[in-house]
Each structure stands twice: as C-alpha cells, then as structure tokens.
Amino acid sequence: MTANPPRLIIGQTLGFSADPFAEGPAAAWHDTRGGVLVQDGMIAALGKAEVLRAAHPQAVVHDHGKALISAGFVDAHVHYPQTGIIASWGKRLIDWLNGYTFPEEMRFADPAHAARMAGTCLDLMLANGTTTACSYATIHPESVDAFLGAAQARGMRVMAGKTCMDRNAPDGLRDTAQAAHDESAALIARWHGVDRLSYVITPRFAPTSSPAQLDALGALWAAHPSLLMQTHLSEQVEEIAWVRDLFPQARDYLDVYESHGLLGPGAVFGHCIHLRARERARLREAGAALVHCPTSNTFIGSGLFDLAGLKGAGQRVGLATDIGGGSSFSMLRTMAAAYEIGQLSGSAIHPAQLWWLATAGSAAALGQAGRIGNLAVGMEADLVVIDLASTPAIAQRADRAADFWEALFPTIMMGDDRAVTETWVAGQPLHRRDG
Ligand code: GUN
Ligand code: ZN
C-alpha cells in the first residue's frame, strides 16, 4: 500500500506561541509567505513556503497566494438542535426556551429529523470555517447518536452530550435522575474516545434539573473524571432570580453546581455574565472554563460579558456562537460581536486576542490545547483558508492596511462565510467555497 502523499498548503500563516491576553499581540506569529505541510491528518512541518517546497518535492502543493491559513475555528458552545430556530424574534431567555426551543427540541424524538439537522448544522459550520464544536443535543439519546455519527462521517473532532432535564420542561422533554445517569453512561460507553469524538456530561441548567438529577450527574462525572461537563451559568437576571427561588440554600448560582459535584477543571460554563465576586473567585480556583457567547448575549438581551476583566484575572475563556440563541454560524461574526461588547465595556479587544479566542483559546477551554486550535508540528490538521478581500467593502479597507492586523480586522468585523475559501479537516479539504 502506498502512503498518501503529503500536501503543502501555502499562504499567509498565523499561529500563537502564547496567550495574547497575557503577552499582547507578540504572542502571535505571522508569515506573509508561509506553508503548512500536512500528512496523515497531522501538521508535519511549518515554515517558509519556498523552504518547505524545496524540502518536500513530493508534496501536492495548494497555493492560496495572499489568503490566510489558520487553525480551524473552535466553537465552544452550540445547540445543534436549535439550527432550525436560529434568529427567532422577540423573546428573552425563559420565553424563548418555552416558545421556540422546547417545541423544536421535541422534534428530535424522530431520529430522521435529528440526522437531517445534524448534517445541516455541521455543513453550515464547515462552510464557516468551524472544524470543532462542543454541542448540546436534546433529551433524546438518539439525538447524540445523530450528531456524533454525522461528525464521525466527516472525520471531525466534536464533543456533545444528551441535555438532561427532569423538571420545568414540557412533557416529552423530561427524563428522570436515574434515566439521565443511565442514558448518559450508555452514551459514554458508545461514543467517548471513538475516533475524534468525546462525550460531555450535560445538565441543561439548574432550573431544569432537580437536586436529585444534579447529584446523579455529579456522581457520573466523579466516575468519569476525564470527561468535560457543560452547562449554563448566570446568563440572564430573571434566570438568576429563578435559581435563587429553586435553590434557596445555595450561596449563589455557581454553588448550586458546586454542591452537587459539578465544578472542576473540566467544567465548561456557558455565558457567565452576571457573576458575583465569590463565583469569580471559585471559578478561578477550580480552573473551570467560561464560554463567551456574544451574539447570543445581545440577541436574547442577556448582558455584557466582562472579557477583559475575566481574562485579566486569569480565567480560562473560550468563544462560541451559542446557536441558536446566537444569531450566526460564523466565528468571524462572533469575534466582531465580542469586539463590540468589549467596546461597550470599555476595552478594545485586539485582533490577535479575538483570533486566539476563536481558535487556541476555545480549544484550551475544551481541554484540547496541543491537539487543535493552533498551527504547530504534531497538531491535528484542521485548517481554514481565509480570503482577506472577500467582499468589495472588505477589500477596499484591507487595501490601505498598514500592517497585518489592520488587514485582518476588516474581515473579523465584516466577514462571513464568503471569506472562508476552504476548510480542512484532518488533512483533507471538506469545504470549498467555489465548489
Ligand atoms: N439556558 C438553558 N438552556 C439554554 C439554551 O438552550 N440556550 C441559551 N442561550 N441559554 C440556555
Ligand atoms: Zn447554550
């Protein structure tokens, strides 16, 4: 059997040697004529394009000229079952869940619907340059099978979990403490560590789980401590007041999770907008990850995530679309929203910081640093090729850029799937904008 020939992808390359929130823009490296050599799904070499070309004459060359080659985007918090209700008008969180989300999630009792929506969601992600996502499924175990099966067929590194709820949800969308435990355990056995797939223990959020269900999932996590656990924390003020009514003995929202064994370095908390000082301190001590969902936070009217303050305090933070509370599949649009929320909060987030959040930062928040989210030898070859002049408005602005960051920023602020010329997964091109 002959091995696949290596592929050499040439363009401007961008990666990170450190966290630019800690080290500033110098934590990023950029090469105007760089190359990424890919073999057997991995990054085999990096460097100057012409040096790599000379050293690897057998490689198949993909020359993208002035386009930017980066690690693929990592979307740290999505609900794939909400693909069909993205951009639904006029409601805040609790009414939005009851009015739009739960009726749609009910439809995932039908495995054919789940399979269709899983494929639609993953293909939209790939068209937007997203190569990894950490998704909530629905209450139905088959909805996890649908999503992880569709990701497996595409060769993607993806995480997902059955969304457990045993109260404050409609008939047909509730399990029990025991069923949540047992069905999650069966899904771990079926999927966790298979190919590039991971299972994530997923209580939806405190209001839809009884104390007994939170305990059961805490026990499951204790039995599988290397897994991630994802849930929502402190997203909207009405939600926080509801949690206080439901758990009057808890010190605060985070304490509900902590007191049921659901806080640790593998915890991934979506939103984290209205945190109290004690919650910030405990999250930091525990080494949990916080996920910023900026288009969702403006779309549902939740509030302004304190990105600069939380990163400045040393928190682990990832970035996410939060489809379908979020209003875009594009991590470019999501970076733009993070920038806008930063401005409203008094901080201009640098493009190096935005790009890091959407790649290496999100990967680290999901415990995947060193595997995905950056260009480095030995990492998995999940890549995106970005056209930095994808529309006339972007092109004319990038044309007058004085440096690389100024050339990139118009694509961050105004770019979308038209900027994504190719998306590579495990060393193979899975999406091509131009067919
Ligand atoms: N809180 C609990 N469930 C959800 C959800 O599906 N989306 C968002 N944005 N917040 C939630
Ligand atoms: Zn969410």
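One-based numbering, in listed order, for ligands and for the atoms of each.
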Problem - Geometric class of the Tyr339/Phe409 ring pair [parallel <30°, tilted 30-60°, perpendicular >60°] - result: perpendicular
Handout entry: Ion pair Arg433/Asp387, N-O distance below 4.0 Å
Key = yes
Fill in the blank from the handout: Near the Zn ion (ligand 2) (protein N/O/S, cut-off 2.8 Å, waters excluded) we have His77 NE2, His79 NE2, His232 NE2, Asp322 OD1
Practice task
Not counting sequence neighbours, which residues clear salt bridge (Lys or Arg N to Asp or Glu O under 4.0 Å) with Arg418? List them please.
Solution key: Asp416
Problem - Passing candidate, side chain to side chain contact (heavy atoms under 4.5 Å, CB included) with Thr334, options Thr130, Thr321, Asn128 - result: Thr321
Problem - Heavy-atom check, side chain of Thr421 versus side chain of Ser390, under 4.5 Å - result: no
Practice task
Can you tell me which residue pairs pass the side chain to side chain donor-acceptor pair (under 3.5 Å) test with a partner in residues 290-314, sequence neighbours excluded?
Solution key: Asp19-Lys311, Gln236-Ser302, His271-Asn297, Arg280-Asp306, Ser296-Asp322
Under 3.5 Å: N or O atoms of ligand 1 paired with protein N or O:
unit_1: ligand 1; atom_1: 3 (N); unit_2: Arg204; atom_2: NE; d: 2.8
unit_1: ligand 1; atom_1: 6 (O); unit_2: Gln82; atom_2: NE2; d: 2.8
unit_1: ligand 1; atom_1: 6 (O); unit_2: Arg204; atom_2: NH2; d: 2.8
unit_1: ligand 1; atom_1: 9 (N); unit_2: Glu235; atom_2: OE2; d: 2.9
unit_1: ligand 1; atom_1: 9 (N); unit_2: Asp322; atom_2: OD2; d: 2.9
unit_1: ligand 1; atom_1: 10 (N); unit_2: Glu235; atom_2: OE1; d: 2.7
unit_1: ligand 1; atom_1: 10 (N); unit_2: Glu235; atom_2: OE2; d: 3.4

Practice task
Return yes if a side-chain donor-acceptor contact under 3.5 Å exists between His274 and Glu279, otherwise no.
Solution key: no
Exercise for the section: Output yes when Asp255 and Arg282 qualify as a salt bridge under the 4.0 Å nitrogen-oxygen rule, no when they do not. Expected result: no
Exercise for the section: Identify which one of Asp175, Asp182, Thr176 satisfies the side-chain hydrogen bond (donor to acceptor under 3.5 Å, both in side chains) criterion when paired with Gln178. Expected result: Asp182
